[in-house]
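Labels below follow one simple rule: chain letters A, B, ... track the order of the sequence lines, proteins then strands, and each chain is numbered from 1. Just so you know, these numbers use all the heavy atoms, side chains as well, and skip hydrogens, waters and symmetry mates.
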Protein chains: 2
Amino acid sequence: MHYQALIKQLKDRRESLQVTQDTLAEISGVSLRALKQLESGKGNPTLETLSKLAEALGLELSLQLKTNR
Amino acid sequence: MHYQALIKQLKDRRESLQVTQDTLAEISGVSLRALKQLESGKGNPTLETLSKLAEALGLELSLQLKTNR
DNA sequence: CTTGATAGTGCATTATACTGCTCTTTTTGT
DNA sequence: ACAAAAAGAGCAGTATAATGCACTATCAAG
């Protein structure tokens, strides 16, 4: 699945902010279990879960026109 | 939920391409039922569902730094 | 080596997304 | 107004995301 890049981006962002999964789970309102699954590539998170995490990380989901190359 | 904007963007994009829900469901591989629910604001779609639709509409999901205003 | 912090996994339960079928409502074109 | 097309909703079944608990693995600091 190509959207794994998006997941990785979330994880990278968390790490660059030096926030633990535990902390991110707390401030985002997403369960620690769900976050762990997601970051370890096991998941197909819902938009709500993604939004909560993005929000907590100072990011936002957006749709962009695909660059045709 | 603020991510309703994202849903609306998908719907607007479909309409601007003059594609019916029926057709989009077919080409994206998402069930018509799920698409209808989503566009009518009832849903909390999974990343996979979003990705399929975005892909079919020539869009892509991305994460952006939130502009603090 | 031991301790503590962080990350990942197995299992079971609950909630809900996805699906197909059918029917109703709304919109569009003539 | 009528008919056709498109959108939306009710219901039921299946698949799976989210959750909590307990356990293991990895790593760094002492």
By nearest atom, which of the nucleotides [options] is closest to the [X] side chain?
X	options	answer
B/Gln21	C/dT9, D/dA7, C/dT19	D/dA7
A/Thr20	C/dA7, C/dG8, D/dG8	C/dA7
B/Pro45	C/dC21, C/dC18, C/dA7	C/dC18
B/Val30	D/dA17, C/dT19, D/dA9	C/dT19
B/Ser31	D/dA18, C/dT19, C/dC18	C/dT19

Once you round it to whole Å, what is the distance between [atom2] of [N] and [atom1] of [X]?
X	N	atom1	atom2	value
A/Glu15	C/dT6	CD	P	13 Å
A/Asn44	C/dC18	CG	P	8 Å
B/Leu47	D/dA18	CG	C1'	15 Å
B/Lys11	C/dT27	NZ	P	10 Å
A/Leu38	D/dA18	CG	P	7 Å
B/Leu24	D/dA6	CG	C1'	13 Å
B/Leu32	C/dA17	CG	P	18 Å
B/Lys36	C/dC23	NZ	C1'	12 Å

### Residue among A/Glu26, A/Arg33, A/Lys11, A/Lys36 satisfying side-chain hydrogen bond (donor to acceptor under 3.5 Å, both in side chains) with A/Gln21
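Result: among A/Glu26, A/Arg33, A/Lys11, A/Lys36, A/Lys36 is the only option passing the side-chain hydrogen bond (donor to acceptor under 3.5 Å, both in side chains) with A/Gln21.
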Phosphate oxygens OP1/OP2 of [N]: is one of them under 4.0 Å from a side-chain N or O of [X]?
X	N	answer
A/Ser40	C/dA7	no
B/Thr49	C/dA17	no
B/Lys42	D/dG8	no
A/Thr46	C/dT16	no

### Query
Checking B/Gln64 side chain against A/Ser62 main chain: does a donor-acceptor pair fall under 3.5 Å?
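Checked: no pair found.
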So which atom in [X] and which in [Y] form the shortest heavy-atom distance, rounded to 0.1 Å?
X	Y	answer
B/Leu57	B/Arg13	O-NE, 2.8 Å
A/Ser31	A/Ala25	C-CB, 4.2 Å
A/Ser51	B/Tyr3	OG-CD2, 3.2 Å

### Message
On DNA chain D, does the nearest nucleotide to B/Val19 precede the nearest nucleotide to B/Gln37 from the 5' side, or the other way round? Give the residue.
### Response
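The residue closer to the strand's 5' end, by nearest nucleotide, is B/Val19.
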### Query
On a plain distance test, is the side chain of B/Arg33 in donor-acceptor contact with the base of D/dG8 below 3.5 Å?
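Looking at the base of D/dG8, it does not pair with any donor or acceptor on the side chain of B/Arg33 (distance under 3.5 Å).
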